[in-house]
Every structure is written in C-alpha cells, then in structure tokens.
A.B. asks: 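What follows is a structure written as structure tokens; I'll ask about it next.
All values below come from the heavy atoms of this structure, side chains included, with hydrogens, waters and symmetry mates left out.
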Amino acid sequence: MSEVPLISIVDDDVLAREGIRELVESLGYKAVAFESAQHFLASSVLAETTCLITDLQMPGQSGLELQEALRSRGYQMPVILVTAYPNDKHPARALNNGAVGFLSKPFDENWLVECLTDAIKLHHKSGRFSAE
C-alpha cells in the first residue's frame, strides 16, 4: 500500500496558506503549512515532502530562492509556485528551475489540482515515492 503524499505549503499570507492546506487535505493528501521559507527549511519534513506549493513573494526568502535552495541541498521535490504579483520573468525562471506549475492568485482550484496531480505523478515516476 502506498503512503499518502505529504504536500508542504509555504505562504506568508495566513488565509492563502490555510486555504491551500484545506484544499490539499480535501483531496486526501497530508498537508503541512509554513509561514516562511526559513521555517520550511528548518523543518523535519523536507525529505518526506512529495510536493511543495510556495508563494513567490515572501519576506526574507522568496519562493524562487526557496526552490533554488532546495535544489542546491539536493532536494528534488516538484514545486508549484503561486503569486499575486505575476510578471513575465518569474514563470520562465521557475519553470527553468524545474517547477511543475506557476499560478497567479487568485487561481482556479482546478488548476492547482491539475498541477498537484502532475507533481505527484512526477514524484512517483522518479522513484522518490516510497511504498509501505
């Protein structure tokens, strides 16, 4: 039997963070939410995270910087970035760094569900999904 995927959410906006967490849990996944990149990086769930959903613009470390920090530390989990302040440069940079999705707030929940489904498939296909 497969483990339930763990989705980590990083967003400094508590309403967005909790809304995404509730959506993820309603899909049957485990979810853990963090208010900053630093809190996520210091957590014990890095190796367990199947997919990361992160805000782009946050105090301290941005979502793009978090994505790059994870890659430099050897973590290859799929990343979905969300932002209320889109521009032409961010999606290209995020996708070039391996993001599986880039969504502008407010976003249609179906787009997030689609990105999350793709991310979990990618994680499973890459062999980084453990089975019990």
A.B. asks: Working to the nearest 0.5 Å, report the span between OG of Ser8 and CD of Glu48.
C.D. replies: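 The distance works out to 8.5 Å.
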A.B. asks: Under 4.5 Å between any side-chain heavy atoms of Lys105 and Asp11, yes or no?
C.D. replies: yes
A.B. asks: So, the side chain of Thr50 versus the backbone of Leu6: is there a donor-acceptor pair under 3.5 Å, distance only?
C.D. replies: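 Yes, Thr50 side chain to Leu6 backbone: donor-acceptor pair under 3.5 Å.
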A.B. asks: Kindly give the heavy-atom pair with the smallest separation between Gly98 and Arg71, and that separation in Å.
C.D. replies: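 Between these two residues, the closest heavy atoms are O-NH2, 3.8 Å.
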A.B. asks: For atom NZ of Lys121, is the number of surrounding heavy atoms from other residues, nucleotides or ligands below 6.0 Å larger than 12?
C.D. replies: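 Open.
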A.B. asks: Is it true that Glu18 and Arg21 have a side-chain N and a carboxylate O under 4.0 angstrom from each other?
C.D. replies: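 Salt bridge flag = yes for Arg21 with Glu18.
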A.B. asks: Could you check if a side-chain atom of Cys51 sits within less than 4.5 angstrom of a side-chain atom of Met77, using non-hydrogen atoms only?
C.D. replies: no
A.B. asks: Report yes if the side chains of Leu112 and Ile20 come closer than 4.5 Å at any heavy-atom pair, otherwise no.
C.D. replies: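 The answer is yes, as the side chains (C-beta and beyond) meet within the 4.5 Å cut-off.
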A.B. asks: Please report the interatomic distance OG1(Thr49) to CD1(Ile7), rounded to the nearest 0.5 Å.
C.D. replies: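 Thr49 OG1 to Ile7 CD1: 8.0 Å, rounded to 0.5 Å.
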A.B. asks: So does Asp12 pair up with Arg17, basic N to acidic O under 4.0 Å?
C.D. replies: no
A.B. asks: Heavy atoms, side chains only, cut-off 4.5 Å: are Phe40 and Val45 in contact?
C.D. replies: yes
A.B. asks: Would you say the side-chain atoms of Ser36 pair up with the backbone N or O of His39, donor to acceptor, closer than 3.5 Å?
C.D. replies: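 Here the side-chain-to-backbone pair exists.
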A.B. asks: How far apart are the closest heavy atoms of Ala37 and Gln61, and which atoms are they?
C.D. replies: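 Closest approach of Ala37 to Gln61, heavy atoms only: CB-OE1, 3.3 Å.
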A.B. asks: CE of Met58 to CG of Asp13: how many Å apart, nearest 0.5 Å?
C.D. replies: 11.5 Å
A.B. asks: Please identify which of these residues, Val10, Val24, Val79, meets the side-chain contact (heavy atoms from CB on, under 4.5 Å) condition with Ile53.
C.D. replies: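 Filter result, single survivor: Val24.
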A.B. asks: Backbone N or O of Leu23 within a donor-acceptor pair of the Glu109 side chain at under 3.5 Å?
C.D. replies: no
A.B. asks: Would you sort out whether Ile9 and Leu52 count as a side chain to side chain contact (heavy atoms under 4.5 Å, CB included), showing the intermediate values?
C.D. replies: CA-CA 6 Å; Ile9 301 141; Leu52 170 65; over 6 Å; no
A.B. asks: Using a strict 4.0 Å threshold on nitrogen-to-oxygen distance, state whether Glu68 and Arg73 make a salt bridge.
C.D. replies: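 No, no charged N to carboxylate O under 4.0 Å.
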A.B. asks: Verify, without hydrogens or angle tests, whether Asn87 (side chain) and His90 (backbone) share a donor-acceptor contact under 3.5 angstrom.
C.D. replies: yes
A.B. asks: Tell me, do Leu41 and Phe34 make a side-chain contact under 4.5 Å, heavy atoms counted?
C.D. replies: no
A.B. asks: Quick check for you: to the nearest 0.5 Å, what is the distance between Leu64 atom CG and Leu56 atom CG?
C.D. replies: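 Going from the CG atom of Leu64 to the CG atom of Leu56 covers 5.0 Å.
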A.B. asks: OG1/Thr83 to CZ/Phe102 distance, rounded to the nearest 0.5 angstrom?
C.D. replies: 5.5 Å
A.B. asks: Starting at OH of Tyr75, measure out to CG of Leu66 and round the result to the nearest 0.5 Å.
C.D. replies: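 Rounded to the nearest 0.5 Å, the OH-CG separation comes out at 12.0 Å.
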A.B. asks: Taking all non-hydrogen atoms of both residues into account, name the closest pair between Ala99 and Leu81 and its distance.
C.D. replies: CB-CD1, 3.8 Å
